[in-house]
Protein chains: 2
Amino acid sequence: MTAPPRRVTQRDIARMAGVSQATVSLVLNNRTDAEVRIAPETRDRVLRVIAETGYAADPVARRLASRFNRIIGVFTYEPAFPSGSRDFFHPFLLGIEEYAERVGCDLLLFTSAPVVDGRRRIFHQDNRLRLADGCILLGREIPGAELHRLNGDGYPYVAVGRRDDAGGPVPYVGADYAAAVARLVEAALRHGHRRLTYVGMGMTAESSQDRRAGFATAAATAESARQVSAAPQAADTTLDDLLADGSTVAFVEDFATAVALEAAARRRGLTVPGDLSIVTLGDPTVPVPTDIVFTGFRIPREEMGRQSVEVLTGVIDGSAGGLQQRLLPCELVEGSTLGTPDPAVDRR
Amino acid sequence: MTAPPRRVTQRDIARMAGVSQATVSLVLNNRTDAEVRIAPETRDRVLRVIAETGYAADPVARRLASRFNRIIGVFTYEPAFPSGSRDFFHPFLLGIEEYAERVGCDLLLFTSAPVVDGRRRIFHQDNRLRLADGCILLGREIPGAELHRLNGDGYPYVAVGRRDDAGGPVPYVGADYAAAVARLVEAALRHGHRRLTYVGMGMTAESSQDRRAGFATAAATAESARQVSAAPQAADTTLDDLLADGSTVAFVEDFATAVALEAAARRRGLTVPGDLSIVTLGDPTVPVPTDIVFTGFRIPREEMGRQSVEVLTGVIDGSAGGLQQRLLPCELVEGSTLGTPDPAVDRR
DNA sequence: CATAGATGCTAATACGTATTAGCACGGCGG
DNA sequence: CCGCCGTGCTAATACGTATTAGCATCTATG
């Protein structure tokens with residue numbers, strides 16, 4: 001219970017097999033270069049001793065010597081397993097775990113990072129990033145300064161979600177929100193909608209910018225295409241605004257807001273999509289009870305997780321040429337909330 | 001992009017501050033023993049250089065030299081983030097993460113462990129356990145042989161859930177199923193139930209054994225107390241069996257089976273708890289839709305996660321004296337499925 | 001002025017692995 | 001018999017930190 005019993009080392013194996021520690025290392029790593037030659041009998045002898053002792057190389061020493069760990073860091077800007085954002089992070093982690101298992105890497109969650117001003121910080125006194133070969137960054141918003149510093153340090157990382165605010169190029173695996181929103185806008189136009197409103201949350205996050213850009217581009221030919229901001233609590237006000245504007249379809253960034261909007265409409269005796277079409281622009285990030293299947297799209301979170309590991313391993317071993325930035329397509333969800341506008345409403 | 005840029009080391013700091021590497025290490029670790037003395041000015045100078053360079057000690061080298069890492073391993077016998085057992089592991093991980101954050105440890109998920117015969121194995125060729133200071137073991141069932149080997153290696157670990165099959169003592173943080181089941185049995189007896197049936201799943205897992213033991217002990221004074229096994233699919237057969245036996249209350253180990261049993265009873269026009277009381281002995285591990293609140297208990301999963309980290313850190317630094325085994329109390333859930341037996345049914 | 005003790009620091013080494021230069025040995029051609 | 005080459009291995013070193021013995025230097029004391 002006091003000092004842990006010293007583990008078996010290559011030196012022990014070497015002594016037992018009557019060779020040098022270097023030979024053990026060479027055999028272990030199956031080195032068969034032209035430069036390095038080991039007689040088959042010697043090799044077998046060493047392997048036999050290894051098998052007998054159940055020796056396993058110390059990963060720490062291995063890492064110190066060779067600089068690679070097969071550890072992938074995962075940095076979440078919020079706790080990874082909270083009840084609140086549970087549905088947000090979980091699919092990413094699922095994909096990350098799956099791919100990490102496939103490539104034989106372990107996952108290091110940086111839970112030790114201290115929380116300052118309600119969010120974790122990568123860089124702090126006892127920065128432990130270097131424990132891993134590279135790192136996956138998860139979070140709704142990631143401070144540009146930290147990305148900048150990662151770039152400066154030459155530390156391999158990948159952000160999940162598009163990022164552009166690092167004062168330099170950022171490797172990422174994101175979802176192609178612009179294209180998905182554009183396709184939904186086009187669908188609405190085909191349905192005959194002429195006055196469209198984008199109901200957003202904020203302007204800062206890249207994911208919001210991309211959605212807004214997709215909306216603006218695709219809706220350019222519409223009679224009216226405007227953007228407003230709203231929260232779930234203000235659903236009634238938002239609804240007033242939509243009706244006053246004569247909008248027949250709302251593209252709602254936040255899922256909970258869409259649910260609230262539909263409820264508000266129903267309370268007033270309006271039908272969806274008869275009187276108002278509602279399109280959602282992302283999966284729920286917090287659990288929202290509703291029986292309605294909203295028209296919108298699905299963010300390929302699991303696949304984003306998988307590909308972020310793939311990209312990261314490429315960045316780490318240098319096999320990935322150039323900057324790695326991927327945008328994955330979102331699958332559209334048919335749903336029941338996008339329809340043909342009622343002419344009575346459309347004509348204001 | 002090829003070789004990682006060499007990072008700042010203590011040697012660099014030492015050169016800049018005009019001291020030796022040893023001094024840097026001593027300052028960093030805040031060593032103020034009687035044996036070791038550093039002049040305040042020197043200390044400040046070193047600290048200033050450290051702050052300027054943003055130096056952070058390489059945890060790998062630190063670990064190699066001192067054996068401690070502040071990394072807690074998490075080994076899950078099934079993937080940690082599957083859709084299926086999602087509701088099973090998640091609360092544990094939540095508690096683990098919370099406590100790890102509190103004590104400043106990072107979490108290493110051993111995703112690299114290869115899967116053999118449908119489950120992961122700790123021990124294999126390139127065992128990476130030593131990357132962490134110690135390890136938390138999660139899984140419905142954990143092979144005794146692996147626990148045995150961990151014991152033999154003197155590797156610090158804690159199992160989540162009681163374990164006894166290691167051919168030696170196993171440190172664990174479990175739930176006190178025996179006590180919880182006993183209290184439910186006593187409640188049933190107070191309600192007037194005389195013929196009780198335990199509907200179990202299997203006999204192997206310790207968690208099943210504990211529940212059965214608690215049942216057997218507490219039901220010793222009942223007119224009849226028997227144990228049967230059943231699956232959710234066989235709910236009708238099970239119900240037949242209960243009625244034939246004249247049992248007025250069923251203690252059902254598996255949540256899904258309890259749901260199926262209640263549904264079967266309702267289909268036959270029986271009421272719960274009027275004609276039959278049903279008590280559940282654990283939270284759902286897979287999502288089962290039901291509106292009924294079953295009488296039973298709640299497994300303190302989150303707290304088990306927290307305390308497993310607490311116990312492990314104690315085992316690692318040796319501050320925990322002796323064997324660490326904790327059983328946490330389960331909170332009873334009042335529910336609506338335990339009532340007074342109908343005399344007509346009770347008297348068979 | 002010699003000596004003892006306190007103070008402030010450094011040199012040396014350990015941790016366990018990977019890598020590389022090069023040694024020892026044997027066979028072969030000249 | 002000498003030089004050369006191919007084979008099979010080892011000695012030495014690096015990786016970055018923690019630890020410990022002990023070396024200077026200075027102050028106080030007899």
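Numbers restart at 1 for each chain; the letters A, B, ... are given by sequence-line order, proteins then strands. Nothing here was measured: the structure is a model prediction, and the numbers come from that model. Just so it is clear, the values below take in all heavy atoms, side chains as well, and ignore hydrogens, waters and symmetry mates.
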* To do: Tell me whether the OP1 or OP2 atom of D:dA18 has a side-chain N or O from B:Arg62 closer than 4.0 Å.
  => yes

* Would you say B:Arg31 reaches D:dT19's phosphate, i.e. side-chain N/O to OP1/OP2 under 4.0 Å? -> yes

* To do: Counting heavy atoms from C-beta on, name the nucleotide in D:dT17, D:dC15, D:dC9 closest to the side chain of B:Ala57.
  => D:dT17

* Asked: Nearest 0.5 Å, what's the CD1-CZ distance between B:Ile71 and A:Phe110?
  -> 8.0 Å

* Asked: Distance check: side-chain N/O of B:Ser20 vs OP1/OP2 of C:dA11, anything under 4.0 Å?
  -> no

* Touch class at under 4.0 angstrom, heavy-atom based, for A:Val24 against every strand present -> nothing

* Asked: Taking the nucleotide of DNA chain D with the closest heavy atom to each, which residue, B:Arg37 or A:Val19, is nearer the 5' end?
  -> A:Val19

* To do: May I ask you to evaluate whether A:Thr9 reaches the phosphate of C:dG16, defined as a side-chain N or O under 4.0 Å from OP1 or OP2?
  => no

* Asked: Within this structure, what is the CD-to-P distance between A:Glu35 and D:dC9, rounded to whole angstrom?
  -> 16 Å

* Asked: Which of the following nucleotides, D:dG16, C:dT19, D:dT19, is nearest to the side chain of A:Leu26?
  -> C:dT19

* **Selection from C:dC9, D:dC15, D:dA11 that lies nearest to any side-chain heavy atom of A:Ala22** => D:dA11

* A:Phe92 six-ring centre to A:Arg301 NZ/CZ under 6.0 Å and within 45° of normal -> yes

* **Residue closer to the 5' end of DNA chain C, A:Val36 versus B:Gln21 (nearest nucleotide)** => B:Gln21

* Asked: Within the pair A:Thr23 and D:dT10, is there a side-chain N or O less than 4.0 Å away from OP1 or OP2?
  -> yes

* Structure fact -> Atom CG of A:Asp58 and atom C1' of D:dT17 are separated, to the nearest Å, by 14 Å

* What's the CZ-C1' distance between B:Arg43 and C:dG8, to the nearest Å? -> 11 Å

* Within less than 4.0 Å of OP1 or OP2 of C:dT17, is there a side-chain N or O belonging to A:Tyr55? -> yes

* Structure fact -> note: B:Arg11, atom CZ; D:dT17, atom P; distance rounded to Å ~ 9 Å

* Structure fact -> To the nearest angstrom, the CZ-P distance between B:Arg128 and C:dT17 comes to 14 Å

* Quick one: CZ on A:Arg45 to CD1 on A:Ile50, what's the gap to the nearest 0.5 Å? -> 12.0 Å

* Measure from CG on B:Leu64 to P on C:dA14 and round the result to the nearest Å. => 13 Å

* Check: B:Tyr99/B:Glu303 side-chain N/O donor and acceptor closer than 3.5 Å -> no

* Asked: Between the side-chain atoms of B:Gln10 and the base atoms of D:dA18, is any donor-acceptor pair under 3.5 Å?
  -> no

* Asked: When rounded to the nearest 0.5 angstrom, what is the spacing between CG in A:Leu109 and CD in B:Glu101?
  -> 11.5 Å

* Asked: Could you give the CD1-to-C1' distance, from B:Ile50 to D:dT17, as a whole number of Å?
  -> 13 Å

* **Short side-chain N/O contact to D:dA18 OP1/OP2 from B:Ser25, under 4.0 Å** => yes

* Would you kindly say whether B:Asn151 and B:Tyr157 are connected by a side-chain donor-acceptor distance under 3.5 Å? => yes

* For A:Ala39, answer base if it contacts any base atom (sugar-phosphate contacts may also be present), sugar-phosphate if it contacts only those atoms, and nothing otherwise; contact means non-hydrogen atoms under 4.0 Å. => sugar-phosphate

* To do: Using a 4.0 Å heavy-atom cut-off across all strands, classify B:Val60 as base, sugar-phosphate, or nothing.
  => nothing

* Interatomic distance where CD1 belongs to A:Ile38 and P belongs to D:dT7 [whole Å] -> 14 Å

